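Since the model is a prediction, treat every value here as computed from it, not as a measurement. Per chain, numbering begins at 1; letters A, B, ... match sequence-line order.
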Amino acid sequence: MVAAKVEAGAAGHGAEPRGKRSDDGQATYLIAIAEALWEEMERDERVFLLGEDIGVYGGAFKVTEGFLDHFGANRVMDTPIAEETIVGVAVGAAMEGLRPVAEFQYADFMTSGFDEITTTLARYHYRTGVRLPVVLRAPSGGGVRASNFHSTNPEPWFAHTPGLKVVCPAFPSDAKGLLKSAVRDDNPVVYLEHKWIYRRIKEQVSEDPEHLIPLGSANVRREGTDVSVITYGAMVHKSLEAADNLAARGVSAEIVDLRSIVPLDEETVLTSIAKTSRALVVYESQRFLGVGAEVAAMIAEKAFEHLDAPVERLAPPNTPVPFSPPLEDAYLPQVTDIEAAIERVSAW
Amino acid sequence: VATKVDKKKTHDGRPLPDDRLRDMLHMLKLCRYFDERMEALYRQGRLPGAIYSGRGQEGTHVGVAFALEQRDSLFPTHRDLSAQLAKGLDLERVMAQFWGRVDGYLRGRDGNSHIGDWEGNRTFAVISHLPIAYPVACGAATAYQKAGDGRVAMAICGDGSTSNGRWHEALNWSAVHQLPVVWVVNNNQFAYSTPNTLEFRVPTIAERASAYGMPGVRVDGGDVLEVFEAARAAVTRARSGEGPTLIESVSLRWRGHAGHDPATYMPAEMLERYMAEKDPVKNFEAWMVTEGLVTEDDIGALEQRIAGEFDAGYEFAQASPFPEAADVTRGLWAEDGYWDAPAPRGGGTEAG
């Protein structure tokens, strides 16, 4: 009996294969991430992967599909469901000169390894000088009807922990270049993939094995003159759509994709503000004490003389991520919300 | 349930060559003396920060550390400074750490027995959240297993740690992957003020090993040689690829959890009995005399040597400069170079 084809679940996981680049060289975000891991493992035998269901099953989202067959169980470790120990093993292996890349099945489950991440991994170099080149990969973010425990954006927790670099790519090319840089970095890096982007966004991605995007470098994704929209992750795509819609109505929005939260590229943000004199920060983690609060405060401190309007933040409320579609849609900033916010800020 | 200790007495019927036994006596007495003198300085207000006495547990600490080679790694707790000293840490640099000076192993970034010397002696810099180092020991052991280099990781925790999820995660993981690791539980019978009876229901910690699929042994922490032989057997087992072992070494914490704690919850007769019958330092010293390996005169000379070592360490620490305040933000990132160069020494020796 032939098994019925299993559709990918709403959260994007399931038995659906990762897929391949299209004939014209376009790659999804998912494929770009897989290529980065593959290339770095080919380049440096100290790099190895560990995580739940990443070997035989190929990962909940199929990022590591085919890795076990090629690299073997010594470098692609299926682990018990023990997040503290996944991080601890990565730390101990890094102390002995390896370069582990650990996968969390969902970014939500990073709380189950939180102590080892924030207490051991983040602080060890400051305390001792011992380098810990560890990458923690995790699918984050909402918008896919994945409910409370599969939709979290944990970047503020880790950005607030000294000693961790935090990366949130929005495009396949950036995802690949940033992950390769993260693997080569001598510091711990929390690399937050966005599951809404995995299979939705496709673009030309370099096949150069030295395609590297430096950590801590933002990117002006769309030039504009009226308002700077500072954003990252899935909200970059929503903001670009909003900017397209507003262009037809005569409002010119500049979209700055932070790409990294730590280090934060202040210079690119400030250069944009100097041009537009108005700023909107759009982000997907909760509004209160979030990434946007830091960015807004930084703009207020360093670009006050350029501002023609108060800096506005657009972000989810301080609640968990709800499931039911009308609730989740109300929780997440939508394209129309971004358009309205840009218009408010530009009206000053 | 617990495996019997396999005693291999090969040196004239003794487990180690005579000079190593004398080293062991030196280390036991040094650790005891250090513990007592540091507590005195703490009570006199001459030592900043906190102290976590390991007194009464030196048999466990020295016994397990003597089973390791320098290339093996040790993941201790704040209670296990004696194990770190036995692994090879330099007393002067340890004391500089207690006084927050740049010559301490962590340049003042951490204090007291939250110490480690990874580059030199392969000891993990202690973290308070116990047993947070247990999973990390799995990671070091994973690296040794991948390299096939015969190295071993050893982690120590207390009885209190065995109630924490990470303890179970790490033991399970190490057994699943047959890692070259030795798990030591220093069962000093109290987790701060909480006795064993309020920590776990099973009669012994060692018997929990069977739940993970590894051997467990229970030894008398008052007998350093019994501890040593159990640790040596476990290390040999790990080194030869046979996987992890759990060692429960039973002693009593003679002092409070930390220097501030008078430990009035400790039953007086229990403490008196352990101090009279299970003193690992006194018992080993008596054995060494009985065996004819040291004389009373040798012991007197050894005590003088130890007092001199302590005083030299104290003087070294006081003469070592504090870290420079301007360096507070340096060393967070690998690329800033702070840890690649010698520590700046312009901080003076007077606290602000």
Inset, instruction - Please step through side chain to side chain contact (heavy atoms under 4.5 Å, CB included) for the pair B:His129 and A:Thr120, ending with a clear verdict. - result: CA-CA 9 Å; B:His129 308 40; A:Thr120 309; over 6 Å; no

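To the nearest 0.5 Å, the span separating CD on A:Glu116 from CZ on B:Arg166 amounts to 6.0 Å. Once rounded to the nearest 0.5 Å, the distance linking CD1 of B:Ile127 with OG1 of A:Thr119 reads 7.0 Å. Atoms OG1 and CG, from A:Thr128 and B:Leu106 in turn, are 6.5 Å apart once rounded to the nearest 0.5 Å. Once rounded to the nearest 0.5 Å, the distance linking CG of A:Asp185 with CH2 of B:Trp333 reads 8.5 Å.
Side-chain contact check for B:Gln145 and A:Asn74: no donor-acceptor pair (N or O, by modelled atom type) lies under 3.5 Å.
Note: B:Trp339 and A:His125 have perpendicular aromatic rings, judged against thresholds of 30 and 60 degrees for the angle between ring planes.
No more than 12 heavy-atom neighbours from other residues, nucleotides or ligands sit within 6.0 angstrom of CD on A:Glu45. Within a 6.0 Å radius of CZ in B:Phe200, more than 12 heavy atoms belonging to other residues, nucleotides or ligands are found. Under a cut-off of 6.0 angstrom, the local environment of NE2 in A:His160 is sparse, with at most 12 non-hydrogen atoms contributed by other residues, nucleotides or ligands. No more than 12 heavy-atom neighbours from other residues, nucleotides or ligands sit within 6.0 angstrom of CD on A:Glu267.
Side-chain atoms of A:Arg127 come within 3.5 Å of backbone atoms of B:Val126 as a donor-acceptor pair (strictly under, hydrogens ignored). Under the 3.5 Å distance criterion, the side-chain polar atoms of A:Asn187 are matched with a main-chain donor or acceptor of B:Ala334. Side-chain atoms of B:Tyr134 do not come within 3.5 Å of backbone N or O of A:Gly88 as any donor-acceptor pair. Using modelled atom types, one side-chain atom of B:Trp118 and one backbone atom of A:Met95 make a donor-acceptor pair closer than 3.5 Å.
Looking at B:Asp340, the atoms closer than 4.5 Å to chain A (heavy atoms on both sides) all sit in the side chain, from C-beta outward. Contacts of A:Leu132 with chain B are absent, with no heavy-atom separation under 4.5 Å from either backbone or side chain. Contacts of A:Val134 with chain B are absent, with no heavy-atom separation under 4.5 Å from either backbone or side chain. Of the two parts of B:Phe124, the backbone and the side chain both hold a non-hydrogen atom closer than 4.5 Å to a non-hydrogen atom of chain A. Proximity to chain A is limited to the side chain of B:Arg122, based on heavy atoms less than 4.5 angstrom apart.
Pairing each heavy atom of B:Ala143 with each of A:Ala93, the nearest pair is CB-CA, 4.4 Å. What you find for B:Ala170 and A:Thr85 is that their closest heavy atoms are N-OG1, 3.9 Å.
A salt bridge does not link B:Arg71 to A:Glu96: none of the charged side-chain nitrogens sits closer than 4.0 Å to a carboxylate oxygen. Ion pair A:Arg123/B:Asp110 not flagged as a salt bridge, since none of the NZ, NE, NH1 or NH2 atoms sits closer than 4.0 Å to an Asp/Glu carboxylate oxygen.
When ring centroids are compared, A:Tyr126 and B:Tyr338 stay outside the 6.0 Å threshold.
B:Lys146 is not listed as a side-chain neighbour of A:Arg75, based on a closest heavy-atom distance of 4.5 Å or more. Counting heavy atoms from C-beta on, the side chains of B:His177 and A:Thr79 never come closer than 4.5 Å. By the 4.5 Å heavy-atom criterion applied to side chains, B:Asn172 and A:Pro80 are counted as neighbours.
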